[in-house]
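The block underneath contains the structure these notes are about, expressed in structure tokens.
Hydrogens, waters and symmetry mates are skipped; everything else that's a heavy atom, side chains included, is used. Just so we're on the same page: letters track the sequence lines, and every chain starts at 1.
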Amino acid sequence: MSILTILGFGPTGWGGLLLVALLTTLAVTLVSLVIGAVIGTALAAAKLSGSRLLRLLGGTYSTVFRGVPELLVIYLVYFGGSSAVTAIGGAFGYEGFLGLPSFLAGALAVGLISGAYQGEVYRGAFLAIVPGEIEAARAIGMNKAMRLRRILVPQVLRFALPGLGNVWQLSLKDSALVSVTGLAEIMRTSQVAAGSTRQYFLFYIVGGVLFLLLTSVSGQIFEAAEKRTGRSLAAGIGRN
Amino acid sequence: KEWKTVTITLEGAYAPWNLTNPDGTLGGFEPELAAYLCEHMKVECKLVASDWDSMITSLNAGKFDVIMDAMSITEERQKIIDFSVPYAHTHAAFATLNDSDLAGVEGTGTVVKMLPDYSGADAQIEAMRKAFEGKTIGIQAATVYAKFIYDKFGDIATVREFKTGAKRDLDLESGRIDLAFDDAVYLKAAFEKAGAPMGFTGPEIGGTIFGIGEGLGLRKADTDLKAMFDKAIEAALADGTVATLSQKWFKTDVTP
Amino acid sequence: MDIPFLLSTLQTLLAALPTTLALFFSSISLGFLLALGLVWMRVGQNRFLRGFARSYIFVFRGSPLLIQMFLVYYGLGQFGVMRQSFVWPVLREPFACAVLSLALCTAGYTAEIFRSGLRAVSPREVEAARAIGMSGQLLVRRIIAPIAFRHALPAYSTEIVLMVKSTALASLVTVSEVTGVAQRLISQTYRTMEVFLCAALIYLALNFILLQLVALLERRLSAHRRGPPSPGLPSLPVPEAGPA
Amino acid sequence: MTRPLRLSVQGIRKSFGGLEVLKGISLDARDGDVISILGASGSGKSTFLRCINLLETPDAGTVTVDGETIEMTVKRGHAVARSQAQVDRIRSELGMVFQSFNLWSHMTILDNVIEGPMRVLKRPRAECVAEAEALLEKVGISDKRGHFPAHLSGGQQQRAAIARALAMRPKVMLFDEPTSALDPELVGEVLRVMRALAEEGMTMLVVTHEMSFARDVSNRVVFLDKGLVAQEGVPAEMFGAGAEPRFRQFIGHFGA
Amino acid sequence: MTRPLRLSVQGIRKSFGGLEVLKGISLDARDGDVISILGASGSGKSTFLRCINLLETPDAGTVTVDGETIEMTVKRGHAVARSQAQVDRIRSELGMVFQSFNLWSHMTILDNVIEGPMRVLKRPRAECVAEAEALLEKVGISDKRGHFPAHLSGGQQQRAAIARALAMRPKVMLFDEPTSALDPELVGEVLRVMRALAEEGMTMLVVTHEMSFARDVSNRVVFLDKGLVAQEGVPAEMFGAGAEPRFRQFIGHFGA
Ligand SMILES: Nc1ncnc2c1ncn2[C@@H]1O[C@H](COP(=O)(O)OP(=O)(O)OP(=O)(O)O)[C@@H](O)[C@H]1O
Ligand SMILES: Nc1ncnc2c1ncn2[C@@H]1O[C@H](COP(=O)(O)OP(=O)(O)OP(=O)(O)O)[C@@H](O)[C@H]1O
Ligand SMILES: [Mg+2]
Ligand SMILES: [Mg+2]
């Protein structure tokens with residue numbers, strides 16, 4: 001069987017599955033980015049807050065999720081998460097199991113890790129804001145919600161973008177470990193294909209190339225986005 | 001509870017018991033048997049692939065309802081999960097490369113019967129212990145075979161655990177390990193695909209040592225499901241379905 | 001909570017800690033050396049070497065370690081030529097393969113970290129060294145490397161933590177380090193959560209200790225960034241006179 | 001004919017920790033007043049200005065803007081405004097220009113100017129844009145409207161900040177050393193704009209070290225010293241021969 | 001009696017891209033000479049000094065230190081030194097003091113001073129330390145020996161840099177505007193040290209804008225203009241009535 005047939009989209013080719021796997025990896029990472037954004041925001045808020053308890057909790061969270069191997073986090077969420085969901089279901093009178101599907105468990109696990117890193121990114125971005133700009137907003141009578149929406153959030157996002165790019169790349173690669181939960185993302189599909197065809201080298205290379213494709217394309221997207229939002233930072237000449 | 005759909009898990013990488021097709025569907029002896037059983041029980045079955053070494057944990061965590069992955073029925077496992085009646089019974093054996101000096105150890109080609117207390121083939125085991133001293137034996141993690149190898153060979157040989165059988169076979173082929181120990185019908189199929197000529201060495205080990213056969217793994221609570229499957233399996237054994245599928249996939253009869 | 005079980009689990013897992021530590025220290029040292037070579041190529045004049053280092057860094061930072069590890073372990077082992085070659089005695093060992101792939105991967109990251117450290121070295125201080133007749137490796141060893149390393153240390157400590165965590169993947173190529181042993185325990189006891197929690201605890205403690213050590217090193221190396229010695233104290237002791 | 005009272009501040013006190021910075025300061029500004037506030041560094045000029053629009057909460061005293069007094073109350077031993085909504089409304093009637101401009105760095109100059117009228121005063125966008133362009137024209141930087149603050153010189157940024165404050169149609173403008181972060185070259189640009197505003201009859205409170213502005217443009221000069229109003233009067237008197245010794249010393253060679 | 005020739009530079013040329021900065025400059029320094037090099041900004045003074053110890057490689061010309069000529073060769077169309085070892089040795093005989101001190105920030109002052117003698121000249125540590133302490137004493141900062149450069153004032157840093165250069169026991173000292181990065185207050189400290197060195201008979205080349213130093217301390221003045229030596233002579237002549245118009249204009253009010 002030629003390499004083209006094996007990798008092709010024909011009945012004996014693995015191309016179709018690999019494409020689905022690519023999309024699955026992308027989807028896991030995207031969902032984990034969103035989950036991580038929610039956690040990261042809360043984490044940054046906790047770490048910046050005046051309450052010592054909250055700061056301690058925030059610190060503990062980010063230490064734990066940055067200090068424990070990703071593989072362990074994934075296992076813990078995959079198994080522990082199901083028990084938790086089942087227990088919650090039981091409390092509401094649901095009999096039997098409420099499984100956490102491997103996609104959700106994987107995205108949640110990667111999201112929990114991503115959240116720990118995003119928390120640091122947002123905290124740094126927040127501290128980069130010039131306090132005078134917030135004060136200027138207060139001085140024209142903006143209320144708290146408006147200041148948050150119009151001044152704080154846009155600036156945090158702008159400063160956070162480069163850091164978020166790094167977290168995204170990290171999550172993309174962490175998502176390969178979700179393969180241990182049986183989710184058919186790039187890593188697992190490559191392994192299954194490698195095992196079935198006994199073309200180990202070929203499929204691991206293909207898997208690696210698919211990841212490189214994802215990281216380099218998304219890297220370029222982040223770079224372009226940074227360039228766009230960085231317009232207001234650069235010492236160049238403004239557009240318009 | 002009314003069972004309308006049942007989720008069955010297999011590894012999808014333990015040919016010919018079960019395997020993954022290029023289009024992502026699962027094939028092999030067990031998927032085809034499952035199709036028959038579900039048809040018989042009039043329930044809809046969903047097959048999902050998952051990792052062998054975490055299957056029992058996942059079953060109890062509710063990730064799926066049934067394990068159908070050449071899982072031997074043993075007392076150890078019965079403490080945690082329930083089993084259906086066996087739908088197959090196979091031997092286990094050592095494999096090695098044909099050009100290895102471990103090939104053709106005394107008793108190759110015969111079958112010995114051992115009991116769960118490891119009795120029944122003391123002479124043959126002793127001969128193998130002598131032959132395998134200082135060698136490296138590869139097993140699939142979390143199998144009954146792993147326990148057997150640790151107990152009977154762990155003191156004289158290096159044991160290495162693999163996540164899948166296929167990866168272990170690869171290391172046998174490349175010479176990283178000297179011996180593999182696994183289900184005989186699985187190994188026989190693996191020989192055909194292997195890149196280097198390999199075969200059994202030493203006797204095939206049968207009897208009840210590895211349990212009374214391979215059955216479906218079920219959660220203890222799902223007694224109704226077990227009853228349904230028991231009936232279906234008995235029917236499949238009675239009408240010759242198991243035998244036919246066995247000939248098709250294993251070229252031998254594995255009916256218990 | 002089953003305390004005796006947790007304790008015995010912890011004990012079993014700790015028995016595998018030396019393997020984890022060996023994995024970590026061998027791969028971080030090998031990766032460090034590889035990174036030095038990569039940085040040298042990356043900032044050098046030779047266009048070919050520069051291109052090589054750039055692609056190396058792109059590939060090893062852009063793909064998951066797990067795939068790299070499988071490629072080294074199962075991928076390379078597939079080829080007859082590899083098995084006949086002189087490197088096989090090394091590649092034959094799962095531990096060596098794990099160290100190799102961990103080192104190859106961290107080398108890519110470390111090289112980038114060191115490169116940014118290099119950018120922090122003031123060209124003027126280098127020029128001052130040249131002006132007294134330093135060049136070549138003396139210049140690197142005495143002036144460039146210490147300044148660059150000090151600057152790179154915070155980023156490098158992050159990489160150290162990532163490496164400790166990455167050793168867990170070695171269990172997937174049959175090395176029985178802490179995570180691998182944890183998985184075996186689970187397949188025997190079926191008590192996933194407890195065992196993994198114990199493992200997590202071990203990694204956390206390990207990372208904590210390593211970070212403390214780095215912080216200590218950082219403090220030692222950053223005397224020149226802190227305030228001047230307070231006037232009340234005597235100035236630094238004069239180093240002992242003795243043969244060079 | 002007395003002009004209407006635009007801003008009245010009575011008995012403002014403020015301490016930071018143990019340090020009493022303002023010890024009871026009162027000041028009235030009528031329509032069209034241009035009041036220069038002078039004083040040594042650390043004498044509390046900025047704090048006084050910030051107390052007026054409650055960027056700092058005064059410990060005691062009242063602030064009345066166009067007849068409306070900001071209502072204060074005491075919470076856990078600290079003075080606080082009774083209603084944040086009232087504070088926000090009063091703030092929108094007081095235009096503040098900071099020493100360090102504090103333009104919003106993520107918005108273009110035009111967006112900086114229309115932000116307040118659109119979001120706080122909720123006026124229609126088209127109207128805000130038209131007015132903003134007129135204001136930018138007036139301060140002389142209409143060609144910069146699409147640029148980001150980081151791309152403007154300090155003088156241009158400060159003029160944009162003035163336009164931003166004016167866009168809120170404030171009743172009183174508060175300036176806190178609007179030129180002291182600028183190179184001497186750029187100071188002129190900003191002073192020209194402020195002079196023009198004064199001529200149009202805008203009520204202004206200006207903390208400044210520009211003696212020429214205080215003497216030539218303002219109609220009243222207030223000299224703060226040790227948290228109190230040390231001297232107050234029309235510039236001609238204050239800068240004339242009759243000045244108090246403390247103030248004479250303060251203005252130094254300028255007074256000479 | 002002619003004093004021995006310490007440094008001889010002949011026909012140095014240097015271009016950057018299209019710009020020819022030095023168009024053939026020659027200069028001899030005999031033992032004990034203190035030569036001031038003057039010239040407008042951009043006239044190539046720094047480049048000339050940097051060509052002497054090959055921090056810039058001259059396109060043409062020769063540099064001879066104490067009788068030893070640096071051997072040059074041409075590689076791929078560029079002039080380069082034939083032997084890095086020779087360059088390193090010659091550099092160790094020429095002490096260079098930079099405008100911006102360039103102390104090594106990660107070493108204490110003492111370590112800065114002993115680094116060269118120990119590592120480059122490979123002299124025993126004890127000897128280096130003793131000599132370094134004497135030198136630090138001489139430039140008046142021996143109490144700072146355990147401090148890091150960042151904790152010293154500019155004048156102290158420059159004195160440490162002079163001590164560092166002296167520790168190599170150089171045959172000639174090269175100074176490139178050693179005081180122009182300093183506050184006027186601190187200039188005196190450094191000039192005092194240089195004056196003392198001159199009195200001890202150290203051979204020195206000093207690029208400077210300090211006319212008083214050029215006139216009062218040096219025994220020869222070289223005026224660079226447009227890449228050439230425009231005028232050269234003893235200070236009394238150069239600063240006297242007989243000066244060339246270009247140089248008169250350059251020294252401006254100082255000459256007046
Ligand atoms: N938030 C604060 N916390 C503590 N002390 C403060 C605070 N703000 C100001 N101060 C102190 O209050 C005093 C007056 O400060 P203020 O800024 O009002 O002076 P100023 O007259 O504006 O001086 P300058 O001319 O330097 O701007 C100073 O001693 C200052 O240190
Ligand atoms: N590395 C370089 N590359 C390109 N041009 C250079 C370089 N170094 C110096 N030049 C140019 O050479 C000319 C002479 O520079 P040099 O620094 O020698 O002048 P200088 O007499 O020391 O001036 P200053 O008094 O300002 O220090 C300048 O026009 C400068 O721009
Ligand atoms: Mg102020
Ligand atoms: Mg110069």
Side-chain angles (χ1 to χ4, degrees), chain C residues 45-47 114 117-154 217-244, chain E residues 50 53-55 84-85 87-112 114-130 132-133 142-152 161 164-165 167-168 170 174 176:
Chain C
Q45 299 298 315
N46 186 313
R47 272 184 54 189
F114 286 173
L118 274 185
R119 278 202 296 258
V121 181
S122 144
R124 292 177 167 169
E125 291 178 39
V126 173
E127 191 156 79
R130 281 190 200 287
I132 63 160
M134 280 190 178
S135 65
Q137 62 114 3
L138 183 64
L139 177 66
V140 173
R141 191 160 53 82
R142 297 292 308 167
I143 308 295
I144 298 177
I147 298 177
F149 184 72
R150 171 61 192 84
H151 185 81
L153 204 53
L217 181 65
E218 201 172 324
R219 272 183 60 82
R220 276 199 52 174
L221 293 184
S222 54
H224 61 289
R225 295 188 178 188
R226 290 197 296 270
S230 54
L233 296 170
S235 54
L236 289 189
V238 182
E240 279 297 306
Chain E
R50 294 163 56 80
N53 65 0
L54 264 77
L55 286 178
Q84 183 64 41
V87 171
D88 285 344
R89 192 177 57 253
I90 300 261
R91 278 179 181 162
S92 75
E93 297 172 356
L94 296 169
M96 179 102 170
V97 177
F98 299 89
Q99 177 178 7
S100 46
F101 335 135
N102 302 1
L103 291 170
W104 299 306
S105 52
H106 61 303
M107 295 180 183
T108 62
I109 296 303
L110 185 71
D111 287 340
N112 262 280
I114 63 174
E115 180 72 12
M118 260 177 67
R119 308 282 164 182
V120 179
L121 305 182
K122 311 222 185 301
R123 285 163 47 195
R125 182 186 173 93
E127 196 185 305
C128 297
V129 170
E133 298 202 322
S142 63
D143 55 324
K144 303 289 179 197
R145 62 168 180 236
H147 292 227
F148 287 96
H151 303 149
L152 267 58
R164 175 175 69 178
M168 298 294 288
L174 311 175
D176 190 1

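Looking at C:Ile132, the atoms closer than 4.5 Å to chain E (heavy atoms on both sides) sit in the backbone and in the side chain alike. The contact between E:Ser105 and chain C is made by backbone and side chain atoms together, counting heavy-atom distances below 4.5 Å. Contact annotation for E:Leu103: only backbone heavy atoms (N, CA, C, O) come within less than 4.5 Å of a heavy atom of chain C.
Side-chain contact check for E:Met96 versus C:Glu127: every heavy-atom pair is 4.5 Å or farther apart.
Within a 6.0 Å sphere centred on CZ of E:Arg89, other residues, nucleotides and ligands contribute more than 12 heavy atoms. Around the CZ atom of E:Arg50, the shell of radius 6.0 Å holds more than 12 heavy atoms that belong to other residues, nucleotides or ligands.
Here the side chain of E:His106 pairs no donor or acceptor atom with the backbone of C:Ala148 at under 3.5 angstrom.
Residues E:Phe98 and C:Ala131 share a closest heavy-atom pair of CZ-CB, 3.9 Å.
If you take CG on E:Asn102 and CZ on C:Arg130, they are separated by 13.0 Å, rounding to the nearest 0.5 Å. Between the CG atom of C:Leu138 and the CD atom of E:Glu115 there is a distance of 7.0 Å, given to the nearest 0.5 Å.
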